[in-house]
Structure formats: structure tokens, C-alpha cells
Engineer: 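What follows is a single structure, and I will ask about it in a moment.
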Number of protein chains: 2
Amino acid sequence: MGVTIHDVARAAGVSVASASRALSGRRKVTPEIAERVSRAAAELGYQPNAVAKALRDRTTGTIGMIVPGIGNPFFTTIVEAVEHQLQETGRDLLLCASQYRPDVEARRLETLLARRVDGLIISPCDIEASVPAVLNAARRVPLVQVDRYIEGGGADWVGVDDDSALAQAVEHVAAGGARVVTFVGSRLMNSSARSRLSGFERAAARAGVNATAPLLGEFTLEWGIEAGRLLLDGDTMPDAVVCGNDEIAVGLVRALRTGGVRVPDDVSVVGFDDVGHAAMCDPPLTTVRQPVEEMAAEAVRLLGQVRVSDPRPAQRVAIAPRLVVRETSRPVAAGGANGMGKGRGTA
Amino acid sequence: MGVTIHDVARAAGVSVASASRALSGRRKVTPEIAERVSRAAAELGYQPNAVAKALRDRTTGTIGMIVPGIGNPFFTTIVEAVEHQLQETGRDLLLCASQYRPDVEARRLETLLARRVDGLIISPCDIEASVPAVLNAARRVPLVQVDRYIEGGGADWVGVDDDSALAQAVEHVAAGGARVVTFVGSRLMNSSARSRLSGFERAAARAGVNATAPLLGEFTLEWGIEAGRLLLDGDTMPDAVVCGNDEIAVGLVRALRTGGVRVPDDVSVVGFDDVGHAAMCDPPLTTVRQPVEEMAAEAVRLLGQVRVSDPRPAQRVAIAPRLVVRETSRPVAAGGANGMGKGRGTA
DNA sequence: CAGAAATTGGTAATCGATTACCACACTCCC
DNA sequence: GGGAGTGTGGTAATCGATTACCAATTTCTG
């Protein structure tokens with residue numbers, strides 16, 4: 001176990017320097033030696049030790065990534081896209097989950113830094129509590145935030161353009177005839193929660209629809225169900241509900257239907273993310289698709305541009321998403337909440 | 001950038017040996033020196049270089065994991081569980097996706113070995129094509145297979161007891177009154193596909209139900225939909241369908257309903273995995289829950305037992321799963337395929 | 001053909017943490 | 001007080017790949 005370059009050199013009858021040079025091709029060696037070395041390497045099954053190389057080169061070819069939870073399909077999709085992007089350049093991914101806890105997050109950041117990752121991609125779990133650890137890490141290694149970000153951004157960020165996203169969602173339900181619209185999202189503990197709510201409010205004002213008081217809980221199916229019950233128990237049912245993510249939307253649709261409200265005939269529902277089960281649910285969810293592959297590519301690209309030594313202004317890249325119209329929203333109509341399915345064929 | 005133990009030693013006015021000993025506590029030092037060293041380390045913000053430690057110790061504290069795809073929610077869940085288990089012992093996870101391609105898988109195995117991971121957890125993508133690369137890796141480092149495994153197992157494996165799983169599923173639908181049952185799964189390119197089909201056939205024989213010709217495609221929603229259409233187009237509709245995983249089941253339910261077949265009134269449908277959206281779909285899916293957390297714990301435990309130097313017989317750990325009855329199956333009945341919703345309250 | 005220039009091989013330093021080994025100081029006991 | 005025994009600090013080797021530097025040889029040039 002463990003054939004080293006010394007073994008190869010000895011077997012080929014040359015010095016380690018020649019062996020190294022023959023294998024890496026970074027300096028010329030006589031064809032004769034090149035031949036002997038590569039034959040010896042092949043025979044011994046030599047595989048360079050990446051740890052030793054990393055120590056010497058002061059670079060590991062490894063990128064650390066921290067997301068709140070791998071269970072969340074949205075983060076899974078990002079992880080997959082990032083992993084894919086890194087492979088293109090021969091780098092590997094050290095993956096960690098912070099379990100939505102800033103203390104765990106800080107600890108994981110430390111171990112990734114100790115492992116001397118060449119860069120970090122992180123979706124900070126808490127807009128406030130994550131700040132010190134993230135800024136400290138950003139001082140030591142190129143760091144890019146994805147999706148979520150911390151306050152007082154000293155670090156680069158790439159994510160979705162929430163304003164554009166919510167504008168599309170609101171305009172879509174407005175075009176479907178909605179006059180009263182409710183936003184169901186998460187409590188404002190992270191940047192996504194905040195900017196989606198404010199994006200919604202701006203969009204509602206611009207579209208001239210009546211935005212009722214938002215319902216804020218968590219980014220979970222359970223909260224979606226509860227929010228649905230709250231709407232059923234309230235005195236007015238909105239014409240449309242725009243949700244902070246897909247899980248909420250799915251739960252909400254379920255609860256409304258159980259309560260006898262028809263979706264989309266009585267109420268249109270729009271989700272956010274479009275990862276996995278949005279299309280799988282019944283009825284398939286109208287939602288805003290996050291441009292995950294682009295986000296990952298952009299994050300990896302940015303990572304290559306950051307130079308810790310000479311700080312430049314933090315970049316913020318907001319990628320415009322696209323609304324995917326499926327069957328939880330009335331695509332186009334003139335009437336109010338009492339329209340029949342009549343206009344459906346138009347879209 | 002890069003405070004080393006030499007810097008700490010110099011600042012504390014001691015040798016590197018003392019500094020190292022003071023910090024690791026592996027040998028006694030005078031309280032005086034311990035104090036000076038830890039103060040110096042704190043002031044300089046010293047953080048040991050894990051790469052150097054790994055080179056010296058010949059162990060990286062890193063486990064490599066390769067799954068066919070992170071997009072598949074079942075694998076995601078396993079990854080999350082493994083990551084969780086590793087954290088308990090202070091180890092980190094190097095994650096790779098093989099994209100269901102044996103050549104990519106082999107390449108990723110190589111880079112993980114070059115990075116000197118302390119162990120490997122893998123779900124080989126192909127029961128035949130994955131064999132050489134996996135066996136070769138197993139010769140060099142402790143390796144445990146999860147869920148899927150390769151033929152002629154020279155390596156440990158932990159997964160679900162497919163026989164027990166399928167027995168529970170078949171007995172459940174039989175108890176619900178089903179006489180004719182169809183299995184819808186994946187083509188037999190990996191071990192799960194094979195053992196689930198054979199488990200189904202054994203269970204059907206034992207339960208005395210009539211197993212029609214299985215429909216084999218892929219582990220995807222799309223194949224589920226197509227299989228549903230095939231059933232609709234065929235001349236006999238079974239009383240129940242047992243599926244190879246949840247995506248297939250969800251697609252199947254959707255297709256059957258679209259075709260006017262009631263689930264579970266006309267046909268019971270049972271899935272496999274119970275990850276994520278099984279509960280989120282409408283109606284919530286009856287399925288066999290994979291004991292993912294236990295599987296991950298067992299895999300990590302086994303990893304600690306493997307000694308590459310003295311090979312012992314390969315372990316195979318099959319964990320018994322549990323059937324989760326939701327609403328795509330008739331829980332109990334005496335009648336055939338024509339029962340009304342009447343008996344529902346019993347469960 | 002002498003000497004400069006180019007090419008190529010080898011030796012040893014380097015990356016940073018750990019630790020085997022040695023040296024020194026101190027205690028204890030006869 | 002001297003020798004054995006114990007505790008503690010320092011020096012330098014180690015892990016494995018890379019490469020700066022030097023030395024030796026070949027090639028080129030006037």
C-alpha cells in the first residue's frame with residue numbers, strides 16, 4: 001500500500017526529480033527516460049499522493065460547500081449543479097450541512113478552512129447570526145454566497161432576482177383576474193425570506209392588486225398546510241396566493257382543497273423554486289423556476305475571480321428566473337374569482 | 001495568511017515540539033509553557049494545517065462517498081444521514097456523483113483514492129460495469145456499499161431487506177383484497193432492481209396472489225406515467241400495483257387517475273423508499289420506508305471495522321424496512337376490486 | 001577548436017505538523 | 001554524594017511530491 005514516486009524512480013533507475021518531471025511533463029526529459037518512468041509507474045500502479053501535492057503546492061483542488069440542509073430539494077439541486085461545475089475543472093467538493101444552525105455552521109467553516117479548501121460556497125443559514133463566521137472565512141479564502149446571504153455583504157453573492165421573480169408571479173395572477181393576493185412565506189430570518197416578501201409588496205403595488213397581510217412561518221410543507229387552514233378560517237379568501245417556496249405551496253394547495261376550495265378555479269397558487277416535486281404534485285404547480293445551473297456556474301466563476309489579497313467591491317449577481325405556468329393558476333381571464341374554466345385554452 | 005506552529009513556538013519562546021505538545025496535550029508540559037503557548041496560539045489565530053497533519057499521520061479524516069445522482073431524493077437522504085453520522089466522529093465527507101455512468105464512477109474513485117480518503121461509501125451505479133473499479137478500490141481502502149451493490153460481492157454491503165419489504169407490500173395489498181398484482185420497476189441493471197423484482201415474485205407466490213408480467217423501465221416519474229398508460233391500454237387492470245420506488249408510484253397514480261381509474265378504490269398502489277414527496281403527494285403514498293438513518297449508521301460502523309490488510313468475509317447487512325400505510329391502498333377489505341370507500345374508517 | 005550557451009540529470013530544500021530520540025535537570029535513596 | 005529513575009525540553013527525521021539550484025554534458029558559434 002502506497003507506491004511513492006521514489007519507488008517509481010528506483011524502478012526506472014532515475015532520480016525522483018526525473019521521475020516527477022517525466023510524469024508531469026513540466027520540464028523536458030529524454031524520451032528514453034520518459035519511457036522508462038512511465039513504464040515503471042504503470043507497472044507499480046503508481047498514483048500520486050494528492051495530500052503531499054497539496055502541502056507542497058499550497059492548494060488542494062478542493063472547494064468547500066455549506067448549505068443549511070441537504071434534505072431541502074432546492075439546496076440539493078444547487079449542490080448537484082456546483083459539483084457538476086467543479087468537475088469541469090478537476091476540482092472536488094467537500095460538502096457540509098449546517099442543519100440550519102449558526103453554531104454548527106461556524107464549526108464547519110473552521111474545519112473546511114483547516115482542510116485548506118481553495119474556496120468556499122455557502123448559503124448562510126441566518127442573516128444575522130452567520131455574519132461573523134462568514135466574514136472571517138471570507139478574509140482567508142475566496143468565498144461566494146449562493147441564494148441566501150448575510151447582512152452588510154462584504155462577500156460576493158449569486159442568487160435569483162427576487163424582484164423580477166415576484167413581479168412575474170404577481171403579474172401572472174393579476175392577469176388571471178386576481179384582485180386580492182396573499183403572500184405566504186417564512187419568518188424573516190434569512191435573506192430569501194426578506195427579499196421575497198419585499199419583492200412581493202413592490203410587485204403588488206405596481207400591479208395594483210390588493211396585498212393582504214402576509215402569513216409568515218417556515219419554508220416547510222407543514223407551514224403551508226397550516227397557512228391554508230388560517231386562510232380557510234379567515235373571513236376573506238384571496239383570489240391568489242403567492243408562496244415563498246414550493247413546499248409551502250404544495251401544503252397550501254392540499255389544505256385548501258381539503259377545505260373545499262378549488263385550485264385554481266377559486267384561488268390561484270404560485271410556488272417558488274421549481275425543484276423536483278413541483279411538477280410531480282397533483283395538480284402540477286405553477287411556480288418560479290430558479291436558474292440553478294446558471295447560479296452554480298456563476299458561483300464557480302466568481303470564486304475564480306476573488307483574490308483575498310486585494311479586495312475588490314463585493315459582486316452581487318442576481319439572475320432573472322422564469323415563471324413556469326402549470327395548473328394551480330388561472331393563466332388568463334377577465335373575471336374575478338368566479339370565472340369558469342372557459343378561458344383555459346388560450347394559454 | 002498561514003500562521004504555522006513555528007510562529008506560535010517563536011512567539012511563546014519555546015520549541016515547536018513543546019508547542020505541539022502543549023496544544024495537543026499528548027505529552028505533559030509545564031503549566032508555564034502550556035499557558036504561554038495557548039496564549040500565543042490564541043493571539044496569532046493559529047489554526048493547524050489539516051493537510052500537513054494528514055500527510056504526517058497518513059490519515060485524512062475524510063470519507064469519500066459516491067452515489068449515482070444527488071438529484072434522486074433517496075440518495076440525498078442517504079448522503080445527509082451519512083454526513084450526519086460522520087460528524088459525530090469529526091470526519092468530513094467528500095461527495096461525488098457518478099451520474100449513473102460507470103466511467104465517471106471509476107474516475108471519481110481514482111481521485112478519491114488519490115486524495116487518500118480513509119474510507120469509501122458507494123452505491124455502484126451498474127451491477128456489472130462497476131465491478132472492476134469498485135473491487136480495486138476495496139483492495140486499497142475500507143469500502144462499504146450502500147443500497148446498490150456489485151455482483152460477486154467482495155465488499156461489505158448495507159441496505160434494505162428487499163424480501164421483507166416486498167413481502168410486507170404484497171401482504172398488505174392482499175389483505176386489502178387484491179388477487180391480481182403487477183410489479184412496476186426498473187430494468188435489471190442494478191442490484192436493487194433485481195432483488196426487488198425477485199422479492200416481489202417470492203412474496204406473491206407465498207401470498208397466493210396472481211403476479212402478472214412485470215413492467216420494467218427506469219426509476220423515474222416518467223416511466224411511472226408510461227407504465228400507467230400501458231396498464232390502461234392493456235386488457236386487464238390488476239387489483240394492485242407494487243412499484244420499485246416512489247417516483248414510479250407517483251407517476252403511475254397520476255396516469256391511472258387521468259385515465260379514470262380510482263386509486264385506491266379500483267387499484268391499490270404501493271411505492272418504495274418513502275423519501276420526501278411520498279407524503280407530499282396527493283393522495284399521500286402508501287410505501288415501504290427505507291431505514292435510511294440506520295443504514296447510514298451501519299455503513300459508517302462497518303467502515304470502521306474493515307481492515308484492508310487482513311480481509312475477512314464480506315459482511316452483508318440487510319435492515320428490515322417498515323410499510324407506511326397512507327392513502328393509495330385499501331388498508332383492509334374482504335371484497336375484490338369493486339369495494340366502495342366504505343371500509344376506510346377501519347385503519 | 002575554445003568557449004559560450006543550451007539542455008538535462010541529480011541533490012537537497014520545501015510545505016507544516018508530529019514524534020523518536022537524545023540531553024539535561026531534578027528527585028530519591030542507600 | 002553518586003547512581004538510578006523520572007520528567008521535560010529541544011533537535012531533527014518523517015510523510016511524498018515538487019522544484020531551486022548546481023553540475024555535467026552536449027550543441028552551437030566565431
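Computed over heavy atoms, backbone and side chain alike; hydrogens, waters and symmetry mates excluded. Here is how names work: the chains are called A, B, and so on, in the same order as the sequence lines, proteins then strands, and each is numbered from 1.
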Engineer: How close or far is atom P of C:dT19 from atom CD1 of B:Ile5, stated in whole angstroms?
Structural biologist: 11 Å

Engineer: For A:Ser20, report the nucleic acid contact type (base, sugar-phosphate, nothing); a contact means any heavy atom under 4.0 Å.
Structural biologist: base

Engineer: Does A:Asp147 reach the side chain of A:Ser192, with side-chain heavy atoms less than 4.5 Å apart?
Structural biologist: yes

Engineer: Using OP1 and OP2 only, check whether a side-chain N or O of A:Arg56 sits under 4.0 Å from D:dC15.
Structural biologist: no

Engineer: Side chains of A:Gln47 and B:Arg140: do they bring a donor and an acceptor to under 3.5 Å?
Structural biologist: yes

Engineer: Check whether any side-chain nitrogen or oxygen of B:Tyr46 sits under 4.0 Å from OP1 or OP2 of C:dG16, and answer yes or no.
Structural biologist: no

Engineer: Report which part of the nucleic acid A:Arg27 touches: base, sugar-phosphate, or nothing (heavy-atom distance under 4.0 Å, all strands).
Structural biologist: base

Engineer: Let me spell it out: for each of A:Ile33 and B:Lys53, pick the nucleotide of DNA chain C with the closest heavy atom. Which residue's pick is nearer the 5' end?
Structural biologist: A:Ile33

Engineer: Answer whether the closest heavy-atom distance between the side chains of B:Val292 and B:Phe74 falls below 4.5 Å.
Structural biologist: yes

Engineer: If you count the non-hydrogen atoms of other residues, nucleotides and ligands that lie under 6.0 Å from CZ in A:Arg26, is the total more than 12?
Structural biologist: no

Engineer: How many Å lie between CG on B:Leu55 and P on C:dT18, as a whole number?
Structural biologist: 12 Å

Engineer: Figure out the CG/C1' separation between A:Asp7 and D:dA17, and round it to whole Å.
Structural biologist: 13 Å

Engineer: Write down the distance between CG (B:Leu44) and C1' (C:dG16), rounded to a whole number of angstrom.
Structural biologist: 15 Å

Engineer: Regarding A:Arg26, tell me which of base, sugar-phosphate or nothing describes its non-hydrogen contacts under 4.0 Å with the strands shown.
Structural biologist: sugar-phosphate

Engineer: Starting at atom CG of A:Asp57, determine the distance to atom P of C:dA13, rounded to an integer number of angstrom.
Structural biologist: 20 Å

Engineer: How would you label the contact of A:Thr30 with the nucleic acid (heavy atoms, under 4.0 Å): base, sugar-phosphate, or nothing?
Structural biologist: sugar-phosphate

Engineer: For the side chain of A:Arg21, starting at C-beta, report the closest nucleotide among C:dT8, D:dA20, C:dT18.
Structural biologist: D:dA20

Engineer: Figure out the CG/P separation between A:Leu113 and C:dG16, and round it to whole Å.
Structural biologist: 16 Å

Engineer: Without hydrogens or angle criteria, can the side chains of A:Arg148 and A:Ser130 be said to hold a donor-acceptor pair below 3.5 Å?
Structural biologist: no

Engineer: For B:Thr4, answer base if it contacts any base atom (sugar-phosphate contacts may also be present), sugar-phosphate if it contacts only those atoms, and nothing otherwise; contact means non-hydrogen atoms under 4.0 Å.
Structural biologist: sugar-phosphate

Engineer: Between A:Ser15 and C:dT11, is there a contact of a side-chain N or O with OP1 or OP2 at under 4.0 Å?
Structural biologist: no

Engineer: Nearest whole angstrom, please: distance from the P of D:dC15 to the NE2 of A:His6.
Structural biologist: 9 Å

Engineer: What is the separation between atom CZ on A:Arg58 and atom C1' on C:dT14, rounded to the nearest whole Å?
Structural biologist: 10 Å

Engineer: Looking only at side-chain atoms of A:Asn49, point me to the closest of C:dG9, D:dG16, C:dA17.
Structural biologist: D:dG16

Engineer: With a 3.5 Å cut-off and just heavy-atom distances, do the side chain of A:Arg116 and the base of C:dG16 make a donor-acceptor pair?
Structural biologist: no

